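Hydrogens, waters and symmetry mates play no part in the numbers below; they use all other heavy atoms, side chains included. Note that the numbering runs from 1 along the sequence shown for the chain. Just so it is clear, the model here is predicted, and its values are computed rather than measured. When a ligand or atom number is given, it counts from 1 through the structure's own listing order.
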Amino acid sequence: MIPSIKSAAFIVTLSVASLGAQEVVPAERLAARAWYQDARLGMFIHWGVYSQLARGEWLMQQQDIPIPTYEWLASSFNPIRFDAKTWVAAAKGAGMKYITITSRHHDGFSMFGTKATRYNIVDFTPFHRDPLKELAEECNRQGIKLFFYYSQLDWHHPDYFPRGGTGLKTGRPDTGNWSSYIAFMNAQLTELLTNYGPIGGIWFDGMWDKPNADWDLATTYALIHRLQPSALIIPNHHKAPLPGEDVQTFEQDLPGANTAGFNTKEIGTLPTETSLTMNNSWGFNITDSRWKSVPDLVHYVVRAAGANTNLLLNIGPRPDGTIQPEALSRLSELGAWMSKYGTSVYGTRGGPVSPRDWGVTTQRNDSVFVHVLQWRDTMLGMAPLAKKVLRATMLDTGREIPFAQSAAGLSLTLPQASSQEPDRVVVLVVH
Ligand code: FHN
């Protein structure tokens, strides 16, 4: 039965990938997408056995570490100083509305209690605790949504076969049953979406290791949407969106850019997100001191919002469960900025003027926020706005500023730029 347009429960959207195929998206998921877009800023957490190696999350592949050796490393993982309260408070203090944490990365080690394999933090380590359970409870307490990163790529599992582009020298026999591997993943996803309360969604990664394999996504996506109808599916497959997906994510780049080298230029109609390292590493890397400055981080948040995109800012906690002071200080300073200027980011959408070198605009109802990021002068000429500007004030002081609007554009007389202020935010009331 074709759903009637009038029935509120179903909204028809056209997914780019399957042109002509109409995807019916339930209202709960659309509401969850709207929540997600309003949230604008989240914390990405790469944490696992690899944190002990303090060289990022790819060392098993980069150094061809054989499985028995890596399993020994896993058996000694004991993050006794892990405290979910501290982590969630750090995210909240930074103005972040959700957390996306690695439940399983490419090394195949599960950072949660799972029945699908003994190779997990509860059964395989002296820690014997489930950090995802503790985080889920704490996120619930502090009103932060929790998402799970889940790697489809696995350098450890015997049934991840035929192999893909990586994990070829870990010592696995050239045998394996692919459909058992798919069943293994679906069993774990069932646990993640059953045992941890309401989950914001699943952030997939690693499909690019076997881009032409049959990942049977339709089954996996249907499973997720059945278990938690408002859980979002966010796939980092570097392709245009596929049916069943809810967010298109880009790595280290805003949508449309491709400095990372693997981001698609095909931008669909889904909400978008950019994941970003705070230094140059996802997993804890003791030698990586290329930390972004707080003004740079503010610019990333604001330029993402101006591009109608969320920012997922990463931390790589240390193997004992603590967070590096360089990350903590940036999170709290970013939080100070968000508590003062957050209204010009949260609950906004990009535009009406598209991103420019001098800055971006964001909008919500009859407010337009002009974010002047790179402009030394006091006079700023902008493209014309469709709506009439009634008033222009500085967000930080509330001070009125002169403006002139014509069909040719809008000019603003700004206060002097200060090196202390990464973003001069002008609030326009429009009608
Ligand atoms: O290989 C992963 C990498 O370790 C990290 O998880 C990033 C995060 O977006 N994604 C993959 C690289 O594309």
Side-chain angles (χ1 to χ4, degrees), residues 41-65 70 96 98-111 132 147-157 160 163-170 185 200-211 213 215 232-241 245 247-255 257-266 271-288 290 292 300 304 309-317 319 327:
L41 178 60
M43 175 184 271
F44 209 177
I45 303 179
H46 278 74
W47 190 51
V49 161
Y50 44 80
S51 305
Q52 296 176 97
L53 298 169
R55 287 286 188 284
E57 71 290 351
W58 268 66
L59 214 70
M60 183 179 180
Q61 163 68 19
Q62 291 157 343
Q63 305 286 332
D64 300 331
I65 301 176
Y70 201 90
M96 293 160 166
Y98 60 99
I99 290 174
T100 303
I101 183 165
T102 49
S103 66
R104 198 175 72 106
H105 204 266
H106 311 332
D107 63 359
F109 185 80
S110 298
M111 291 294 287
L132 298 194
F147 290 69
F148 291 135
Y149 167 110
Y150 190 82
S151 177
Q152 291 149 311
L153 163 59
D154 191 317
W155 296 325
H156 178 272
H157 201 290
Y160 187 89
R163 306 276 181 263
T166 62
L168 304 175
K169 298 189 186 145
T170 61
M185 288 200 294
I202 302 292
W203 206 99
F204 283 112
D205 200 5
M207 217 175 91
W208 32 262
D209 181 66
K210 287 163 58 85
W215 290 90
L232 301 178
I233 292 179
I234 310 177
N236 190 36
H237 48 42
H238 307 153
K239 294 179 180 176
E245 297 172 354
V247 174
Q248 187 176 9
T249 193
F250 299 82
E251 214 174 298
Q252 309 277 45
D253 276 314
L254 290 178
N258 190 18
T259 61
F262 45 63
N263 288 311
T264 180
K265 289 211 179 276
E266 274 191 80
T272 52
E273 175 194 68
T274 288
S275 61
L276 184 79
T277 52
M278 204 183 276
N279 50 12
N280 274 9
S281 306
W282 299 106
F284 173 55
N285 184 336
I286 203 163
T287 59
D288 184 350
R290 289 157 294 177
K292 294 175 176 71
Y300 274 109
T309 292
N310 283 31
L311 188 77
L312 187 65
L313 181 59
N314 183 77
I315 63 166

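For Trp215, the ring-ring contact (aromatic ring centres under 6.0 Å, His included) partners two or more places apart in sequence, or in a different chain, are Trp178.
Taking the six-membered ring where tryptophan is involved, the planes of Trp58 and His106 are perpendicular, since the angle between them exceeds 60° and thus also 30°.
The CG atom of Leu313 lies 8.0 Å from the NZ atom of Lys292; values are rounded to the nearest 0.5 Å. Rounding to the nearest 0.5 Å places OG1 of Thr272 at 11.0 Å from CG of Leu311.
Heavy atoms only, all atoms of each residue included: Met278 and Ala327 are closest at SD-CA, 3.7 Å.
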Can you pull every nitrogen or oxygen pair between ligand 1 and the protein closer than 3.5 angstrom?
{"residue": "ligand 1", "atom": "1 (O)", "partner": "Trp58", "partner atom": "NE1", "Å": "2.9"}
{"residue": "ligand 1", "atom": "1 (O)", "partner": "His106", "partner atom": "NE2", "Å": "2.7"}
{"residue": "ligand 1", "atom": "4 (O)", "partner": "Glu57", "partner atom": "OE2", "Å": "2.6"}
{"residue": "ligand 1", "atom": "4 (O)", "partner": "Trp58", "partner atom": "NE1", "Å": "3.0"}
{"residue": "ligand 1", "atom": "4 (O)", "partner": "His105", "partner atom": "NE2", "Å": "3.1"}
{"residue": "ligand 1", "atom": "6 (O)", "partner": "His46", "partner atom": "NE2", "Å": "2.7"}
{"residue": "ligand 1", "atom": "6 (O)", "partner": "His105", "partner atom": "NE2", "Å": "3.0"}
{"residue": "ligand 1", "atom": "6 (O)", "partner": "Tyr149", "partner atom": "OH", "Å": "3.4"}
{"residue": "ligand 1", "atom": "6 (O)", "partner": "Asp205", "partner atom": "OD2", "Å": "3.3"}
{"residue": "ligand 1", "atom": "9 (O)", "partner": "Glu251", "partner atom": "OE1", "Å": "3.2"}
{"residue": "ligand 1", "atom": "10 (N)", "partner": "Asp205", "partner atom": "OD2", "Å": "2.7"}
{"residue": "ligand 1", "atom": "10 (N)", "partner": "Glu251", "partner atom": "OE1", "Å": "3.2"}
{"residue": "ligand 1", "atom": "13 (O)", "partner": "Glu251", "partner atom": "OE1", "Å": "2.6"}
{"residue": "ligand 1", "atom": "13 (O)", "partner": "Glu251", "partner atom": "OE2", "Å": "3.1"}

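A side chain to side chain contact (heavy atoms under 4.5 Å, CB included) with Gln152 is found for one member of Met185, Lys210, His237 and no other, namely Met185.
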